[in-house]
Structure formats: structure tokens, C-alpha cells
2 protein chains.
Amino acid sequence: MNEVEERGANSNSAARSKPAAIQRVSIVSQLVDLLGDRIRDGDYQPNSKLPSGEALAQEFNVSRATVRAAINVLATHGVLRRMNGVGVFAAPNPGVSNSLNEPTDFYRLIQQNNHQPGVENINSMLFKPSPTVRQELGMGSADEAVMTWKVFTADGSPVIYCENTIAVSTLGETLARELKQTPTLNDSLFGFLEERCGLTTSHVLAEISVSRAEECDFPGFDYSDGTPVLVIKETGIDTNEKPIWHSVELYPNNSIRFGLLRRR
Amino acid sequence: MNEVEERGANSNSAARSKPAAIQRVSIVSQLVDLLGDRIRDGDYQPNSKLPSGEALAQEFNVSRATVRAAINVLATHGVLRRMNGVGVFAAPNPGVSNSLNEPTDFYRLIQQNNHQPGVENINSMLFKPSPTVRQELGMGSADEAVMTWKVFTADGSPVIYCENTIAVSTLGETLARELKQTPTLNDSLFGFLEERCGLTTSHVLAEISVSRAEECDFPGFDYSDGTPVLVIKETGIDTNEKPIWHSVELYPNNSIRFGLLRRR
DNA sequence: TAGTGGTCTAGACCACCAC
DNA sequence: TGGTGGTCTAGACCACTAC
């Protein structure tokens, strides 16, 4: 019997009988979770060799190709390392943050930088975005959007200034009104869009630049002159290749450090 | 007959008889090149639909899995877009730069920013690196390294200040001496290491931060106070998971813009 | 030489989308 | 309903590494 969940038509019809929590989880992603757990739990010690691909395939009763796909994911995340002809090893330092490669929750980002996360100064408004943002989101010139902005703190000090813009047409009138009145709703933007709007962000197009604090336009952003600011502008793309949100994030004074894995 | 090159034992023994240019090119990467060429040449117009995976598999006489792997690569590079149940399409805007995801040659990076690239002020020295760099490169406290530093220009103006450090033990005494005397050797660091040292950089661990110009230590870096600087520190990792080079790059005053594709 | 990861194949079944 | 991409399998052969 598979250690991974039954799949295909079976799990699908099972999901249909329980419409509350539809989820079709691929074998690969289940395997990723299982192997990741074993590493976190110390079943596979840092630098130790994992069972061979063939052995894992037999253990989980899946094909070797599936095992390889899962190992691929974990290797890309820096959790596993593969050596040709030798084996697959648990990475020596699994705690390395890899934040820029994937869109990360701000809370987790601050925790990864070893600080206590918090949020302050949450606001929202209904407005007509700038032409630049309108174009990014494919909006007409008369269309309105909801913008929420907030400040994330680390150990009480502000470290991330963030504004999110979502078109009213994307949210729908009801949700737009709700979000405007309760901007805390999208504390996790991804979760909010998935659970409330059925919109999945498949990837994010980002642009990284630097600026001086005095050139940054953000309420309450009162750093002294000359403070350098890392600026990340992002556009979230959904599974239909349509842009669904836009955000501007300011990281002043190097308080948050970003890691990045670059592959050829 | 395959449109892609013969492979496996055949191409291998062929390569052995011509040891001058050993190269074993996978079918997938050949397919990536072929499809990429067709897009660049306009055979597949922007937004147009490509032949189905099955059709491409037949055309190139390979399996559908191989076609999918190649399409994966091109989709990750933003050249193709896949829509479930519909087809694969050439991206509408193939010119989007994606520089931060993969280590990029500085020349190409400057060209991507629509400027004429150049190099100035090339120097090199033999030295004992700082403890930080020593640790990054796994060097002993007595080991020496070759550092080369240079300034890249866009339309004649300096835009990238870069220093590369490689341990003498990595290069070997002869090459280290040669590199110290002729720092232009590593104009393309990747090419130099592969062709001269047989070292392939499989991936790069980078750290992104910001700084003020006056805090940056680089010869000839004389920006006026308050200029913000994007700092990227990189460590190149070879196929044996060993760090082989370290570099520090300064991008002052937002003259180079970085794009980034973030995936969940 | 044995064991490992790397690559590729042929085929199967599924979900999704347009007609 | 038919065509498409998404997933998974079983098996084959290869190159690389260590013994």
C-alpha cells in the first residue's frame, strides 16, 4: 500500500463527496512534504546520505521518476544535495534562507531574519491607480482599485513598508468593500486571494532597485536623509497568466537581508 | 532520423575520437535551443500557439516527456506560457530581462539595460582574504587568493564595480600567477573557470543588500554622499558542492535594474 | 565491478478547455 | 466530445564514483 495518499479518480471522487475541502495533492508534493519532514525531524541528519532513489521508490511504492521529481524540488530549495554517482545528501545547513526566489510571507521573512514580527499602521482606500499600475494590472482608465498599506515591524521597529493594490473588478464589489473596511483581511495576501477570491498566484514578476529614503513616498516613512532603501515592485500573476495584484515594498536601512539562489 | 543530434554511446565515442571539443549535449537542451531559435526567428510569433506536445514529439522524434522538459525550461525563462487544456504559447513579450534568477555575464546585463558595455580599470593582486571570505571559500588562515577587480561601464559611465576572489589552491599555482599578471583573463569568470580550470559553477549563493556610497570600499568609487548602492555578494558553487569563487558587486545609483521571477 | 544518479522512452490515465 | 497539458509508471541505458 502506498504511504502516500491514494490518487487519481479515487481521491477525486472522495473529494467530491466532501466538497468542504477540495484538494488534489500530487504524489510528488506529498513526497516533498514527507521527505522534508524527515529532514526537519532529524531522521535524515545533516550531511547524511539518503536511501537511493530506487530504495525510496520501493519504500513509498512510487516510480523512481516520481522520487526524482520530489528530490528535484528539495534540491532546488537547498534542503538536499545530489552528487552524481554517489548519492543524495541532506544539506549541511538547512536553515539558509532563500527568500528572493519565492514570494514569502512577511511574517516568515522577518522570522527568518531572527526577529519578532508585528504589523502596524494598517490602512486602506479606494482609488484610481497611476497609469503605470493600471497598465501592470490591465485596468481601464476609469477602473478603481483597493489599496492597503501597512508597516511590518521586527522587534517593534519598522522594517518593511508595503502597499498592495488589487483592482475592484478582480475582487468583485462585495469583497472590495469588505477589504476596504477591514484591511487586515489580507494579512496574508496569497491566502486571502485563494480562500476568498479563488485566485491563485502562480508566480510573481518583480523588479529590484535602490533609492534614498527622502525619495520614497509612503505615509509615516520618516527616515533621516541618506538612508538607503531597497525597493521591490511586484506584480502577481495568476494561473491564467493574468496580473491580479501589484505591490510596492520598501526595505529601509538594510534591516532585512535577502538571500538568493541563482542557477544557470 | 532525429532532428536532434545522435546521443548516448554513439555521440560519446564520436566525441572520444575528437577529443578537441568534448561535449555531451542532452536532447532536452538541444530542444531548448531549437525551440528558442524558432521563437527568436519569428517562426513562432508572440502569442501564437505552438504545436501540441505530441506533435512536437513526433516532429523531433523524441518522447513527449522530453518535449515537456524542454518546454519547462523555456516556460521558466518566460519565453513560453502554458495553459492547461489549451496549449503552449509563445510569450507576448520575450524581451523581459530576468537577470537576478541566473548568474549573468555583465556585458549581457548592461546590454539588456540598453547600453553599450565596456570595462575599465582592471587590476589584480595576490592576498590573504578576510576571515569572512576565507570561510565562504573554505580556505585555511594561511592560504592565499587572487583577487581581480574591475569597473564595467555603460555608454562610458561606470555602473558596476566588481571584485572576484579565487583561492590559489583552487586555481593552481601556475594559473594563479597567470591570472594575477593578466587579470583580463577572467573577463567571463564562468568561461575562464570552465576552460582553464575544468571547474563548472553549478549555482551561486547570493546575498542582496543596500548601502550608502560612502560606506563602500572600492578603489575609485567616488560617488557623492548619499548615493544608494545595491550590493550583491556571491559565492559560486561547483558541481561537487564546493565553493570556488567569491565576488562582491556594487551597483550604484540605480543605473542597472534587476528583474526577478519569483515562483512558489 | 557494483551502486548511484542522469537521461530518455512509450504508454497510460487524468483534468481542463473549447466546441 | 476531442484535443490539450499534467501526472505517473516501468523499464532501459548511460556516466560517474568508490571499492
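Numbered from 1 within each chain, the chains take letters A, B, ... in sequence-line order. Just so it is clear, the structure is predicted and the values come from calculations on it, not from any experiment.
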Please list, pair by pair, any protein nitrogen or oxygen found under 3.5 Å from a nitrogen or oxygen in nucleotides 5-7 of chain C.
from, atom 1, to, atom 2, distance (Å)
dG5(C), OP2, Gly53(A), N, 2.9
dG5(C), N7, Arg64(A), NH2, 3.4
dG6(C), OP2, Arg68(A), NH1, 2.4
dG6(C), OP2, Arg68(A), NH2, 3.4
dG6(C), N7, Arg64(A), NH2, 2.6
dG6(C), O6, Arg64(A), NH1, 3.1

- Item | Consecutive-pair stems (3 or more, Watson-Crick or G-U, under 3.5 Å) for DNA chain C | C:1-18 with D:1-18
Which residues satisfy the side-chain hydrogen bond (donor to acceptor under 3.5 Å, both in side chains) test with [X], sequence neighbours excluded?
{"X": "Glu207(B)", "value": "Arg257(A)"}
{"X": "Arg64(A)", "value": "none"}
{"X": "Ser63(B)", "value": "Thr66(B)"}
{"X": "Arg68(B)", "value": "none"}

Anything under 3.5 Å between a donor and an acceptor, one on a side chain of residues 132-143 of chain B, the other on a protein residue two or more places apart or in another chain? List them.
from, atom 1, to, atom 2, distance (Å)
Arg134(B), NH1, Pro129(B), O, 3.2
Glu136(B), OE1, Thr235(B), OG1, 2.8
Asp143(B), OD2, Gly140(B), N, 2.8

- Side chain of Arg263(B), backbone of Asn101(A): donor and acceptor closer than 3.5 Å? no
- For Phe106(B), check ring pair (Phe, Tyr, Trp, His ring centres under 6.0 Å) against everything at least two apart and list the hits. Phe152(B)
Find the distance [X]:[atom1] to [N]:[atom2] and express it as a whole number of Å.
{"X": "Gln58(B)", "N": "dT9(C)", "atom1": "CD", "atom2": "C1'", "result": "14 Å"}
{"X": "Asp238(A)", "N": "dC16(C)", "atom1": "CG", "atom2": "P", "result": "15 Å"}
{"X": "Leu56(A)", "N": "dT4(C)", "atom1": "CG", "atom2": "C1'", "result": "12 Å"}

- side chain to side chain contact (heavy atoms under 4.5 Å, CB included) filter on Ala69(A), not counting sequence neighbours, yields Val28(A)
